[in-house]
There are 2 protein chains.
Amino acid sequence: MNDPKIRNMEEFASASGISRPTVSKYFNDPQSVRESTRQRIEAALEQYDYRPNIYAINQNRRLTKNIGIVVPYLADPFFAEIARNIENLIIASGFRTILLSSHGDPKQELDNLDLLRSIKPAGVLLAPLGRASDPAAVKAFCDDVPTVLFDCNISDLGEAFIGHNNVQATEQICEYLCRTGEPPVFFEMRTPPNPNAYRRRKAYCEVMEKLGFPTQLIQVDGEGWNFEEIGYVEGKRVISQRLLTTNTVLCSNDRLAIGFLTAAFETGQRVGRGEDCALRVAGHDNHPYSRFTCPPLTTISHDYVLIAEKSVETLLSFIESGERAQSRETTLFDGKLMMRSSA
Amino acid sequence: MNDPKIRNMEEFASASGISRPTVSKYFNDPQSVRESTRQRIEAALEQYDYRPNIYAINQNRRLTKNIGIVVPYLADPFFAEIARNIENLIIASGFRTILLSSHGDPKQELDNLDLLRSIKPAGVLLAPLGRASDPAAVKAFCDDVPTVLFDCNISDLGEAFIGHNNVQATEQICEYLCRTGEPPVFFEMRTPPNPNAYRRRKAYCEVMEKLGFPTQLIQVDGEGWNFEEIGYVEGKRVISQRLLTTNTVLCSNDRLAIGFLTAAFETGQRVGRGEDCALRVAGHDNHPYSRFTCPPLTTISHDYVLIAEKSVETLLSFIESGERAQSRETTLFDGKLMMRSSA
DNA sequence: CATTTTTCTTTACGCGCGTAAATTTTTAAT
DNA sequence: ATTAAAAATTTACGCGCGTAAAGAAAAATG
């Protein structure tokens, strides 16, 4: 790991006693050279500290070994977790990863796509902002780069979509709540940034109707991605103004629920299933922190690992085949009821 | 935005009627060319969809315009927030950003540094894992690449360190707790991954001694970065086994405290300052979620923005001067007591 | 051993851009 | 208008690697 310093592949090749084209071949695929040759190169690699210049490598490739990952809001542990799983899977497949967050900002999302373009990625996994996304710009990007959408669907964009089955999940928790107590009201943002929320709203209305219960949508104001804050502020208002027609609140997502729980706590509303409780609160997503709320949050879980696996697998198959999608496939994973003590 | 497609700077130059070297100069710094020239180039940029190939650009530069950011655990909103602030500042300074998480894993941290090496970054902002980091490897990296450490100090590594004043912060919250009720016990991991914890432990012991109160360290088992889980499981044990010598618990960080609060809730220990409360619980960090615990967590806040600003500013000054640090400067920001209702 | 197949070497070119040097043009100053 | 300074152009080379073609060497086959 010392000796004279190696500056490029030429020098490394002569130091290892192998020709440069063969060394180049080795770095593109170690299995493509003869066993004995590989050993000589790897012996030299241990002796000298050389690694190919990735800029020079990628300059000539039409597409690189880079895969972009874009999430709408990385400070949300939900996306951080999913991104982590995706990263690991991609790296295990021999690709590199570039993780970008749109920070809830449509302009940032476009900047991210722009940056990715200049990186010439082999493919991109995109969880778009949703309502705030610029559909035309995203479409233009998807036309240029093989892109698989996940978590948040924008109709017809990308090669495929992998997400949650919001309908099944909402039905499941609504049925549970109706079966075990008063029917839930639906607590949500009036204009949620993410389209999953719309599907959940719709599913809530449909399943409640099917079950023969009245619906109540509590649509609160608030923009952006500070869901806990919105859930807290508006939860306090809703509780103090006695806007709830039942004692059971189904929040559109766990982060709203986390804020709502705080509101309930501060207004002295005991939350839980017990006789002495004034409210039941449920969420949606099985957010990493939902286990640690007080009381722990009853919610619908989505399998991060499954979504990550399917997304990566789908993208890699497009990359490896070099083909684009004939028809856009949509994969939805069912949610699982996480019964905890909040509802 | 259409016309014949531009393949490289040569073609773009002739399309814009400007020579290639001048165009190159423009892309390196638009202000470095004459006003009229700039306008002609920018007019052409609107007409043709061209952007320089970043691989070709970086191949010839000895150092790129890339700045690496490495955090120990991105799924922790604390780091996600700090990373977000840092990213924005760096981008505003005209650099690019590469955000990497070590996922709590020393091997991943080395992989990240390795990846950054091959990217030839202008500089790196590194929040190391701490105890688990490989000091020799990190040192070797810091020798090669201008690196500023933040959040977590490793003695003498990097050009500078920017972090929290754990001593001042711990003193402040200890004094507050002692003044307003029973003296706190210190709840922490026996072998915390992050050295900040050690400093807080030490500061706790010193300030309690200075104030003339007894100390009690509750050092719980557990490895890794699942702090909430550890705080929850061990908190339950500690409470049920009645290991607390006072009614006040100072947790080494907010994530432990979040788990501890859940443990207190589930064991029926009411937390807060009121007469009817059995426990007071405080944390450290002003974690983004600490406002939304039940009850909201009294803690010590650290100013993300200040730390981000100072870190970026420090790194950029090294990059721009092209010099390395004469003497390693350490900047510690004071914490601010966030009085909420948990203690 | 001769023959075929596989692998490696040699030679050579190109990718898209940075950048230096010498020259010409444009602008600013006198 | 003359001169000096600033900016653009032309020309040319190099960065580190991918990759193609032709020939030489090694390995596998019979």
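We name chains A, B, ... by the order of the sequence lines, and we start the count at 1 in each one.
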- Query: In whole Å, what is the span from the CD atom of Glu10(A) to the P atom of dC17(D)?
  - Reply: 9 Å
- Just call it for Asn58(B): base, sugar-phosphate, or nothing, with non-hydrogen atoms closer than 4.0 Å on any strand. nothing
- Message: Taking atom types as they are modelled, would you say the side chain of Arg20(B) forms a donor-acceptor pair with the base of dG18(C) within the 3.5 Å cutoff?
- Response: yes
- Task: Output the single nucleotide from dT9(C), dC17(C), dG16(C) whose closest atom is nearest the side chain of Ile18(A).
- Result: dT9(C)
- Return the value, rounded to whole Å, for the distance between atom OH of Tyr55(A) and atom P of dG16(D). 14 Å
- Task: Identify the residue among Arg324(A), Arg328(A), Gln326(A) that makes a side-chain hydrogen bond (donor to acceptor under 3.5 Å, both in side chains) with Glu159(A).
- Result: Arg324(A)
- Query: Does Tyr50(B) have a side-chain nitrogen or oxygen under 4.0 Å from the phosphate oxygens OP1 or OP2 of dC17(C)?
  - Reply: yes
- Would you give the length of the straight line joining atom NE2 of His302(B) to atom CD1 of Ile82(B), rounded to the nearest 0.5 angstrom? 10.0 Å
- Length of the line joining Arg40(A):CZ and dA26(D):C1', which is rounded to integer Å: 12 Å
- How many angstroms lie between atom CD1 of Ile91(B) and atom CZ of Arg96(B), to the nearest 0.5 angstrom? 9.5 Å
- Query: Is the phosphate of dA8(D), meaning OP1 or OP2, less than 4.0 Å from a side-chain N or O of Thr37(B)?
  - Reply: yes
- Closest to side chain of Ser24(B), choosing from dG16(C), dC8(C), dG18(C): dG18(C)
- Asn8(A) has a side chain; which of dT27(C), dG16(D), dC8(C) sits nearest to it? dG16(D)
- In this structure, are over 12 heavy atoms from other groups packed under 6.0 Å from Lys120(B) atom NZ? yes
- Note on the structure: Whichever of Lys25(B) and Lys25(A) has the more 5' nearest nucleotide on DNA chain C, that residue is Lys25(A)
- For dG18(C), does OP1 or OP2 lie under 4.0 Å from any side-chain N or O of Asn28(B)? yes
- Of Pro21(A) and Arg38(B), the one whose nearest nucleotide on DNA chain D sits closer to the 5' end is Arg38(B)
- Item | Lys120(B) vs Val33(B), nearer the 5' end of DNA chain D by closest nucleotide | Val33(B)
- For the pair made of CZ in Phe27(B) and P in dG16(C), what is the distance, rounded to whole Å? 15 Å
- Query: What is the distance, rounded to the nearest whole Å, between atom CD of Glu11(A) and atom C1' of dC17(D)?
  - Reply: 14 Å
- Query: For the pair made of CG in Asn53(A) and C1' in dG16(C), what is the distance, rounded to whole Å?
  - Reply: 14 Å
- Ignoring the backbone of Arg34(B), work out which of dA7(D), dG16(C), dG18(C) is nearest its side chain. dA7(D)
- Task: Let me know the distance between CD of Glu35(A) and P of dC8(C), rounded to the nearest Å.
- Result: 11 Å
- Could you tell me if the ring centre of Phe78(A) sits under 6.0 Å from that of Tyr304(A)? yes
- Query: Counting only side-chain N and O atoms of Ser19(B), is one of them less than 4.0 Å from OP1 or OP2 of dT10(D)?
  - Reply: no
- Task: Mind calculating the distance between CE (Met9(A)) and C1' (dT19(D)) to the nearest angstrom?
- Result: 12 Å
- Message: How about CD on Glu329(A), more than 12 heavy atoms from neighbouring residues, nucleotides or ligands closer than 6.0 Å, or not?
- Response: no
